[in-house]
Trainee: 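Starting off with a structure, shown below.
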Amino acid sequence: MNKTLVIIGHGMVGHRLIEEIRERDTAENWRIVVLGEEAHPAYDRVALSSYMAETTAEGLSLLTPETRRDRRVELLTGVGATAIDRTERRVSITTGDSLHYDALVLATGSRPFVPPVPGADLPGCHVYRTLEDLDGIRAAASPGTDGVVVGGGLLGLEAADALRTLGMRPHVVEVAPRLMPVQVDEGGGAVLARLVGDLGIEVHTGVATASVHAGEHGGVGSVELTDGTEIDTGLLVFSAGIRPRDELADSSGLPRGERGGFLVDGGCRTEDPHVWAIGECAAVRGQCHGLVAPGYRMATAVAEQLTGGGTAEFEGADGATKLKLVGVDVASFGDAHGTSEGALEVVYANNAQGTYAKLVLDDDATTLLGGVLVGDAGAYDVLRPLTGGPLPGPPEQLLLPASQSGGPTAGALPDEATVCSCHNVRKTDITEVISSGAVEDVAGIKSCTKAGTGCGSCVPMLKNLLDEAGVATSDALCEHFPQSRSELFEIVRATGITTFSRLIAEYGTGRGCDICKPAVASILAGSTTSHILDDEQAGLQDTNDRFLANMQRNGTYSVVPRVPGGEITPDKLITLGQVATEFGLYTKITGGQRIDMFGARVEQLPEIWRRLVEAGFESGHAYGKALRTVKSCVGTDWCRYGVQDSVTMAIRLEMRYRGLRAPHKIKAGVSGCARECAEARSKDFGVIATERGWNLYVGGNGGFSPRHAELLASDLTDEDLIRVIDRFLMFYIRTAERLQRTAGWIESFDNGLEHVREVVVEDSLGIAADLEAAMARHTENYTDEWGAVLNDPEKLSRFVSFVNAPDSPDPTIRFTEERGQIRPEPTDLPMPVPTTGRKTVTEEVSA
Amino acid sequence: MRWHAVCREPEVPTEFGVAALVRGHPVALFRTGDDELFALGNVDPFSGAGVISRGIVGDRQGEPTVASPMHKQVFSLRSGQCLDDPETRLPTYPVRCRDGVVEVATG
Ligand SMILES: Cc1cc2nc3c(=O)[nH]c(=O)nc-3n(C[C@H](O)[C@H](O)[C@H](O)COP(=O)(O)OP(=O)(O)OC[C@H]3O[C@@H](n4cnc5c(N)ncnc54)[C@H](O)[C@@H]3O)c2cc1C
């Protein structure tokens, strides 16, 4: 079957529908065509305000490369739908064409409502909904002058804060007697006004905008309020509510809800069985929802119907919200205004601390109906899921600020309570993975259930659930060290200990094992300048590090010389070919743009490397938990599209960080333009050229659980780029746990990437200079590990097959041939994966 | 039982292993920090590869061990018993040091 689904609107909810369908439609029954009117494909509108301060449009994008590449999904970006013909089942689009559909989903969202104030159409009047709107506001902003936001709701406050970020003096005008009138009651409003005032935002409540007057240049010059106040300003932002975008109802004859929106039933279907509506444009049983979580649930319901044919329904939503202004905690949920019959209110206000909290209870004070929290919304994550259920304790106790009562705990939540509303993950989903033993930390919960990977507000709750399940999130490295790797790193740094034997004698027990020995070896490598095979250190190394090569399944090794940036001369290529021929090695190109030679016996390694070092090669550290490669595209040197010299940068980075030992391997990439041919976003650090410099992405990896790197900093100069990477890598090496790649390490912080940004970009801990100095020491002291071994008879003496027959090849090594090259003779052993009953971390093996 | 001279004692490094060929048998020799010598089969029973001598030496609850470098199963140096799989065991050989020479006995 090959049916066409047309989605009108590529916003947050339309995009979610694509993902939900592609995840379910394994039989590939549906081809999806998405029409998006905006110049950008779907982006995270909820985080739109961050575009003003730190993020780029690209950083907000919701589009994954998988979806971009997906042959079943056709994105028509910048193309709008103009009319729907339901008899012919065709949608007319702005290019003049029309598209046939078997199913049609309307996901057109909302438009900002602009009140009919005289002068509201003058240049200088803006709305706050799209990236384009924000570009307009940014261009119009003039620092040091007043700016006015009409509307003191959730969005209005975000807009006012955005003006503040742009250096303006913001005013907020709200008709209602308090800010955020929908979410907050009078008492909460008073506290909120004070908190907002403290940010430097001037609040005008209980007044409306009377008119907007033109200034000298024909644009906005001033705004007059109904109480006679006049504010001189050139910039006005309307944020006075939203209206569903239901204009396609006219051409299609689809019915509207009473207050607008496409009228749909509980399954989000219109009266036409081929047409659905989801997200903010849908009036589900007559009611529109202006938040993203209900929209996502509608998308899930429709995806289920389209792929399973069932009758999944959207079950309604409670409109719980939290304000995202730094320093102003506001949350409201359920029946915040106590409108249910007989509702009781319990209020706790502390004017000195500037906090206000209210719970709404049913008439016998046993069931929680809703609440308002201002100043400290710490209890929100626990209280919101309790809504509609019995109160777990005396209400006063739930309301005391978390710091005083110990706060409500996750155990109080019913199993069915939603903990992560971004991904709709229930408490039981999380407790199940915890009790199955599959996860032992927050990062594990994140990757198993997706909980905590959206807005991140439930992360403290996830920790709480782990604690309550008694998962002593023990950081002990192994039975020999009660400390975690990062703690040991600090100990080594503080005490100057340089040997494993002293470290274990003073801080551990026993003689060590295959977990702590290599971990400590890596820590020592980062704090001393000795060779990794010097003295006692040699015995600490995993076999790969001990023989400076990667062990393969038959006990032979592979050899991978460094090819910085993937650039190699023909002469060097010829050398590699000659060496491989001479020693009978199997050759293969790696994903990191170098050449891997397999099948070397341990006693052959020194001779092979002697040839390679003579030809100017050095160790590629493919064997180490260390920097592997910095992959690159050809950039401006050759490519018609390149905007920066990616090869030179990649070589510079690879030469700078070569030999750097880390908790896990580190891979990197540099792309010369946004086409991203070097796949830098799948690397621990990825650099992508922009017209103005470089964007730096961090935390990507392939392997067992692939991750995309996220934007850390943008438009950096060469020098700034290197400075930020220096800090990032050193901070990672110092604080990550054993076998933790950058992605898991970043997730292990409460604020994730935000925390990393604060430390490495803004230097919030004041350690940046120290991190840079540590990296400078590394680069100064670098020597080629193989070059050093070849000059050291004592180290060379270990590269023998048998101590008493140094030149006899190991009789267990046997090869057969395949496609003109050697391969290990197959054994009938099953090669089991060990179940050691210890913490096992999946090792990835690619070079 | 016959003793075979294999190497001089310093050729077996402390807390480290080395492979030897004793009458055609690949043997892994180890010397722990307290100068005790051990000799076990060098072939990892899980992979068939001759790699045991290249494993990391350590202890589990005081029992001296070596971890196979292939897939990290841990074996007792004393008994050859695999501590992660009761069904699997490495052969062990008597070993001693006489006049600075390490000797291994085979049956
Ligand atoms: C600044 C800001 C902060 C917010 N904060 C929060 C928050 O904290 N929590 C929360 O839950 N929600 C928040 N929201 C609301 C949230 O963004 C919306 O609920 C969500 O985006 C709705 O998704 P949607 O897909 O229905 O609509 P949208 O994301 O608006 O997408 C609709 C898309 O359809 C396109 N379109 C419309 N008509 C056509 C047509 N005829 N042809 C082609 N394309 C068309 C539009 O251009 C738009 O791109 C915030 C919104 C803003 C603006």
Side-chain angles (χ1 to χ4, degrees), chain A residues 478-480 500-501 504 509-518 521 535-536 538-544 546-547 551-557 602 794 797-798 800-806 808-814 824-838 840 843, chain B residues 4-8 10-22 24-34 41-74 82-85 88 102 104:
Chain A
C478 63
E479 68 174 79
H480 305 100
F500 178 82
S501 44
I504 197 163
T509 52
R511 44 164 38 115
C513 65
D514 61 311
I515 291 179
C516 59
K517 282 186 164 180
D535 309 320
E536 190 196 87
L540 308 177
Q541 311 290 354
D542 265 321
T543 186
N544 285 1
R546 191 163 147 194
F547 294 95
M551 180 186 274
Q552 303 299 327
R553 63 186 305 141
N554 64 348
T556 61
Y557 290 86
V602 65
E794 147 70 15
S797 70
R798 297 185 194 132
V800 291
S801 52
F802 297 108
V803 64
N804 56 348
S808 317
D810 184 330
T812 64
I813 298 175
R814 286 182 294 270
E825 188 168 273
T827 62
D828 42 14
L829 288 164
M831 286 297 238
V833 179
T835 46
T836 57
R838 300 179 284 176
T840 48
E843 295 238 21
Chain B
H4 305 275
V6 173
C7 60
R8 288 177 304 108
E11 289 182 90
V12 186
T14 315
E15 292 281 306
F16 218 91
V18 76
L21 212 48
V22 183
H25 296 283
V27 172
L29 289 174
F30 298 93
R31 183 154 61 124
T32 53
D34 41 13
N42 191 41
V43 177
D44 173 24
F46 294 99
S47 63
V51 295
I52 292 296
S53 64
R54 298 177 225 159
I56 289 179
V57 173
D59 80 289
R60 225 185 240 185
Q61 267 109 49
E63 176 86 1
T65 56
V66 60
S68 165
M70 193 62 75
H71 283 136
K72 310 279 179 297
Q73 292 90 351
V74 170
C82 176
L83 303 181
D84 297 317
D85 178 2
T88 309
V102 176
V104 173

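So you know, we letter chains A, B, ... as the sequences are listed, proteins then strands, and number each from 1. None of the values given here were measured: they were computed from a predicted structure.
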Trainee: Tell me yes or no: between the side chains of T88(B) and Q73(B), is some donor less than 3.5 Å from an acceptor?
Mentor: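 Looking only at side-chain atoms, Q73(B) and T88(B) do not form any donor-acceptor pair under 3.5 Å.
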Trainee: Distance from R31(B) atom CZ to T14(B) atom OG1, nearest 0.5 Å?
Mentor: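 R31(B) atom CZ to T14(B) atom OG1 measures 4.0 Å (nearest 0.5 Å).
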Trainee: Relative to chain B, which segment of T556(A) carries a heavy atom at a distance below 4.5 Å: side chain, backbone, both, or neither?
Mentor: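 For T556(A), neither part sits under 4.5 Å from chain B.
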Trainee: Between L540(A) and chain B, with a heavy-atom cut-off of 4.5 Å, which part of the residue counts as in contact: side chain, backbone, both or neither?
Mentor: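 Only the backbone of L540(A) comes within 4.5 Å of chain B.
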Trainee: Given the options T812(A), D810(A), V803(A), I813(A), which has more heavy-atom pairs under 4.5 Å with chain B than any of the others?
Mentor: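 When all of T812(A), D810(A), V803(A), I813(A) are compared, V803(A) has the most.
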Trainee: For D84(B), is there an ion pair with K72(B) - N to carboxylate O distance below 4.0 angstrom?
Mentor: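 Salt bridge flag = no for D84(B) with K72(B).
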Trainee: Checking heavy atoms, do the side chain of Q552(A), its backbone, both or neither come under 4.5 Å from chain B?
Mentor: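 For Q552(A), backbone heavy atoms alone lie under 4.5 Å from chain B.
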Trainee: Given heavy-atom pairs under 4.5 angstrom as the criterion, report whether the side chain, backbone, both or neither of V800(A) touches chain B.
Mentor: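 Contact with chain B is absent: no heavy atom of V800(A) under 4.5 Å.
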Trainee: Which region of P64(B), side chain (C-beta onward) or backbone (N, CA, C, O), has a non-hydrogen atom less than 4.5 Å from a non-hydrogen atom of chain A, or is it both or neither?
Mentor: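 For P64(B), backbone and side chain are both near chain A.
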Trainee: Please look at S53(B) and chain A and tell me whether the side chain, the backbone, both or neither of the residue comes under 4.5 angstrom of a heavy atom of that chain.
Mentor: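 Answer is backbone: N, CA, C or O of S53(B) sit under 4.5 Å from chain A.
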Trainee: For a side chain to side chain contact (heavy atoms under 4.5 Å, CB included) check, start with the C-alpha distance between R54(B) and V602(A), then their side-chain angles and the critical distance, and finish with the verdict.
Mentor: CA-CA 11 Å; R54(B) 298 177 225 159; V602(A) 65; 4.1 Å; yes
Trainee: Using heavy-atom distances under 4.5 Å, tell me whether V6(B) contacts chain A through its side chain, its backbone, both, or neither.
Mentor: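 When you check distances to chain A, atoms from both the backbone and side chain of V6(B) fall under 4.5 Å.
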Trainee: I need the residue from A805(A), A538(A), P811(A) with the largest number of non-hydrogen atom pairs under 4.5 Å to chain B.
Mentor: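 Answer, by heavy-atom pair count under 4.5 Å with chain B: A538(A).
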Trainee: CG/D44(B) to CE/M70(B) distance, rounded to the nearest 0.5 angstrom?
Mentor: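 The distance works out to 6.5 Å.
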